[in-house]
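Here is the structure we will look at.
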2 protein chains.
Amino acid sequence: MVDIRQMRYFIALAETLHFGRAADRLNITQPPLSRQVGALERELGVKLLERHSRRAVLTAAGQQFLEDARSVVSSFDQACRNVRLADRGELGELSIGFMMHAAHTVLPGLAKRYMAAFPLVEVKLREVIPSSLSGDVVAGRFDAGITFSPGPVRGLATYPVHRENLCLAIHREHEFAAHDVIGAAALEGQPLIATPVDVAPTLRQAISDYCRPYGFEPTIRLETQLQQTIISLVGENLGIALVPQSMAKLQTRDVVFRALEDAPAIEQVIAWRPQNLNPALRAFLTVAEVPKATMQLD
Amino acid sequence: MVDIRQMRYFIALAETLHFGRAADRLNITQPPLSRQVGALERELGVKLLERHSRRAVLTAAGQQFLEDARSVVSSFDQACRNVRLADRGELGELSIGFMMHAAHTVLPGLAKRYMAAFPLVEVKLREVIPSSLSGDVVAGRFDAGITFSPGPVRGLATYPVHRENLCLAIHREHEFAAHDVIGAAALEGQPLIATPVDVAPTLRQAISDYCRPYGFEPTIRLETQLQQTIISLVGENLGIALVPQSMAKLQTRDVVFRALEDAPAIEQVIAWRPQNLNPALRAFLTVAEVPKATMQLD
DNA sequence: CGACCATGATACCGATCCGGTATGAATTGA
DNA sequence: TCAATTCATACCGGATCGGTATCATGGTCG
C-alpha cells in the first residue's frame, strides 16, 4: 500500500530530479530510493517520471502528484503538530459559561489574557443565569463557569477569582441619600428589588444573612433577573436594592450608591469539573491563577 | 515514524471506540491494532484516548487528531485517485494556441466537445498569430495549436481538421458584384487587401498559387493582421480580398462575397509535438478525431 | 573511437516491523 | 465468586526496509 514515506521520497526526487542527490537529502542511499519510487509507481499504476541517462523529468501525472503529495505531506505534518498543541491546551475549544454580572467584573480581563496567551483556542463564551451554571459545568456543557460561589457541589471544583462588597442602590431623592453609610437595621421594612432565589441563590442568601442578626427578613417587593434592570427600577423609585459594588460603574441619572455598614461580601468563583480532561481548561485555570494543587481536587 | 496506516487505524478506532470492532472493520485482529495505536500515541507523545474497562473515550487531543487525520487521509486518497486521472488525461492542464480565424471555425466546437468530455482539465486557450504557432508548439509553449497548415516542420505533427475554399470579399458597388463567380484572371491588377506574409504565410501562398497559372503576381495594396480588419477595409472600398469562406458569416453592410472559379482551398490543422507526453493532449487529439496511428509519428 | 565516468536498476543480506496466535490482567455483571 | 468482556503483552513466521556490492546504459573526453 502507498504510504506517506513514499510520498516524501517522491517529493525529494521530484525536487532534485536526481536519485543520488534525493537519496542524500533523505539520508538514505540510492538503491532504496529507486526501489520505493518504483514500488510507488507500480502501486499507483502510473509512471511518475521518465528516466533518462543524465536527468529525470516528471510526467504530467508526476507533476499532478507532486502538487498533491506536497499538500498531503504538509497537512500530515500539520496534524502531528496540532495534536501536540491540543495536548498542551494551545489548540482546541474552551467553552465558558458566565453569569451576566461577571461580564462587568472578572470576565473581560480574564478572557482577554487567556485569548492573548492561547490565540489558537476557540473560546466559546455564553451567558447563563447563575443558578444553572454549576449544573451545566457538572454536566459538561461548559468547561468552566464564572458565577457567585454556589457553595460545595459534588463533582465541582471552585476557586475564588473576585470578591466585592455589596452596596446600596437608591433613588437620588430617597431619604438614605443624605447618609454616607447605611446600617443593616435601617433596611427593615424597606421595599427591596432583587433577583429571584432560583436565579441567584447566593446573592439572595447574602442579603438574608445580612439582615438576620437584626431579627428581620428583607422585604422583597420586586424580582428581576438582571442587575441592570434592578438599577433601572431603582431609578424609577420602585424600591432600593443591595447590589455588588461594581454595579456603581453604571452611572444612571436618578440612582446613587451608598456603602453598607459591615458590608456583606459576595464572591465570584471559577467552577470546573476536576475530571474534565480538556487541556485548554488547565491552561485557562493557570491564566486565572488557580493554584495547581487545587486543580485536581474536589 | 508516524504513517498513514496508523492514522487509518486511529480513525476506525475513534469511530467505534472499541478495539475489537475497529479491528474487524480494518480486517485485522485486535492485538496489532492495540499495538499500532499505542505506537502512534508514543510517537506523537500524546495520549489520544482514555481506555476504560468497557469503553474508550477520545481525549481533547484525540478529537483534534481525529478531525485532522480524517482530512489527511481523505486528501491522501484523493491524491492517489488524481494521479490516475492525470495519467488518463482526465485531470491536468492543456494549453492550446490558435490563430484568430480558428475561433470562427473549428475551435468553438472542438473546445466545447473536449471540455464536456474532460471537465476536470484546465484548458488554457490563447490566440496568437499563425506564423508563430508552430514554433510555440515545438518549443512546448502550447500542447497543441490550431492554424493554417504550416507544411512539414521538424518535430511537429499535424492533422487536418478543417478545409474550406477561399472566396472573394468585395464592396457591394464593386464591378464584380454583378457576377456570381469570378475567375482568377480577373484579379490581375486588382488592389488586394491581405495579411502580411510573416503573419499567415500559408494564406498568402495560397493566393499567389491561385494567380500564378495566369502569369501574374497578386497586387497587395494593404496588409493587416486580422481577417475582420480586412473585411472592414473592403467595406471602405479600399480594395478586395481573398478570404476563407467562413468569413462570409460576418454580415457587413457594404461587403458582399462571391465565389472564385476553381477556388483554392485552405486547410486548418491541429499541430502538436509527438514527444509531448501530456496525456491530456492524447485525449484532445482523440476528441479531434486524429487517428491513433498518426499521434506518435513525425 | 575507446576508456572512463555518472547514473539508475538489481541482487542479496541482516535488521526491523507487521500481523497472527496465545495468553494475561483488569473490570464488570450475574 | 465465577464467567464474560475487553484490552495489553509475549512470541512467532513472514514481509519489508535500508545497506552493500554489482551490473547495464549512455554520455563525455582524450
Side-chain angles (χ1 to χ4, degrees), chain A residues 1-59 61-63 65-66 69 73 76 80 275 277, chain B residues 1-59 61-63 65-66 69 73 76 80 275 277:
Chain A
M1 191 53 56
V2 181
D3 75 341
I4 204 86
R5 176 168 32 84
Q6 293 174 318
M7 277 196 180
R8 291 186 203 277
Y9 285 11
F10 171 70
I11 291 170
L13 178 57
E15 286 176 353
T16 59
L17 295 175
H18 189 289
F19 282 75
R21 277 187 278 281
D24 271 354
R25 185 204 285 192
L26 294 166
N27 294 316
I28 60 172
T29 55
Q30 168 262 321
L33 177 60
S34 285
R35 204 145 32 87
Q36 290 295 338
V37 173
L40 178 62
E41 288 181 321
R42 186 157 29 79
E43 284 157 6
L44 291 174
V46 173
K47 185 178 236 174
L48 296 173
L49 16 84
E50 300 277 327
R51 281 88 158 164
H52 297 96
S53 42
R54 286 282 169 190
R55 71 198 184 287
V57 291
L58 288 180
T59 62
Q63 287 170 30
F65 195 63
L66 175 58
V73 168
F76 181 94
C80 295
Q275 297 91 334
L277 292 167
Chain B
M1 191 53 56
V2 181
D3 75 341
I4 205 85
R5 177 168 32 82
Q6 294 174 317
M7 277 196 182
R8 292 187 204 275
Y9 285 10
F10 171 71
I11 291 170
L13 178 56
E15 286 176 353
T16 59
L17 294 175
H18 189 288
F19 282 76
R21 276 186 280 280
D24 271 353
R25 185 204 286 193
L26 294 166
N27 294 317
I28 60 173
T29 55
Q30 168 262 319
L33 177 60
S34 284
R35 199 145 36 87
Q36 291 295 337
V37 172
L40 178 62
E41 288 181 321
R42 186 156 32 80
E43 284 156 7
L44 291 174
V46 173
K47 185 178 236 174
L48 296 173
L49 19 84
E50 300 278 328
R51 281 87 157 164
H52 295 96
S53 41
R54 288 283 168 189
R55 72 197 186 288
V57 291
L58 287 181
T59 63
Q63 286 170 29
F65 195 63
L66 176 59
V73 167
F76 181 93
C80 295
Q275 298 90 334
L277 292 167

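Hydrogens, waters and symmetry mates play no part in the numbers below; they use all other heavy atoms, side chains included. Source: prediction; values computed, not measured. Naming: A, B, ... by sequence-line order, numbering from 1 per chain.
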Measure from the side-chain heavy atoms of [X] and tell me the nearest of [options].
| X | options | result |
| --- | --- | --- |
| Tyr9(A) | dC7(D), dG20(C), dG18(D) | dG18(D) |
| Pro31(B) | dT9(D), dC7(D), dG20(C) | dT9(D) |
| Gln36(A) | dG19(D), dG20(C), dG18(D) | dG18(D) |
| His18(A) | dT6(D), dT20(D), dT7(C) | dT7(C) |
| Phe19(A) | dG18(D), dG20(C), dG8(C) | dG8(C) |

Rounding to an integer number of Å, can you tell me how far [X] [atom1] sits from [N] [atom2]?
| X | N | atom1 | atom2 | answer |
| --- | --- | --- | --- | --- |
| Asp3(A) | dC17(C) | CG | C1' | 13 Å |
| Arg35(B) | dG24(C) | CZ | C1' | 16 Å |
| Arg51(B) | dT9(D) | CZ | C1' | 13 Å |
| Lys47(A) | dA9(C) | NZ | P | 11 Å |
| Glu41(A) | dG8(C) | CD | C1' | 13 Å |
| Leu17(B) | dT5(D) | CG | P | 20 Å |
| Gln30(B) | dT23(C) | CD | C1' | 11 Å |
| Leu33(A) | dT10(C) | CG | C1' | 15 Å |

Which is true for His52(B) with a 4.0 Å heavy-atom rule: it touches a base, it touches only sugar-phosphate, or it touches nothing? nothing
For Arg55(A), answer base if it contacts any base atom (sugar-phosphate contacts may also be present), sugar-phosphate if it contacts only those atoms, and nothing otherwise; contact means non-hydrogen atoms under 4.0 Å.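 If one applies the 4.0 Å heavy-atom cut-off, Arg55(A) turns out to touch nothing in the nucleic acid.
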Considering only heavy atoms from C-beta outward, does the side chain of Leu49(B) approach that of Glu41(B) to under 4.5 Å? yes
Output yes when Glu15(B) and Arg8(B) qualify as a salt bridge under the 4.0 Å nitrogen-oxygen rule, no when they do not.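 Here Glu15(B) does not pair with Arg8(B) in a salt bridge, since their nearest N and O are not under 4.0 Å apart.
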Pick one: which of Leu44(B), Leu40(B), Ile11(B) meets side-chain contact (heavy atoms from CB on, under 4.5 Å) with Gln6(B)?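 Answer to the side-chain contact (heavy atoms from CB on, under 4.5 Å) test with Gln6(B) among Leu44(B), Leu40(B), Ile11(B): Leu40(B).
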Are the side chain of Thr59(A) and the backbone N or O of Leu48(A) linked by a donor-acceptor pair below 3.5 Å? yes
Just to confirm, is there a sub-4.0 Å distance from OP1 or OP2 of dA8(D) to any side-chain nitrogen or oxygen of Ser34(B)? yes
Distance-only donor-acceptor check, side chains Ser34(B) and Gln30(B), under 3.5 Å: yes
